[in-house]
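Notes follow the structure.
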Amino acid sequence: MPDMSASASLALTHLVPLAKELDEDKVTPGVLGFVVFAVMALAVWALMKSMNRHMGRVDFAESEDPGAEKAGATAAEKRG
């Protein structure tokens, strides 16, 4: 099995000069940041679309409450 520390140190020696070329005062998210943001935006869009579909299927018809009729009748008797 090859020694992983040797390949890691070799990769580091190649990346250090590239890091020095970058402007230390300028930090950008890059392509990975854009991809992550785009995936999150698509996920939110899909969730909102699914929520709208599910909310459209909900039946909001309320069942009659037997206690509400008594309370309404009592309030009307007090007024009149």
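Small disclaimer: the values here were computed from a predicted structure and weren't measured.
- Here R57 contributes atom CZ and N52 contributes atom CG; the two are 12.0 Å apart, rounded to the nearest 0.5 Å.
- Pairing each heavy atom of K26 with each of T28, the nearest pair is CE-CG2, 4.0 Å.
- When hydrophobic side chains of Ile, Leu, Val, Met, Phe, Trp and Tyr are connected at separations under 4.5 Å, M40 ends up clustered with L32, V36.
- Residues that satisfy the side-chain contact (heavy atoms from CB on, under 4.5 Å) test with M51, not counting sequence neighbours, are M48, M55.
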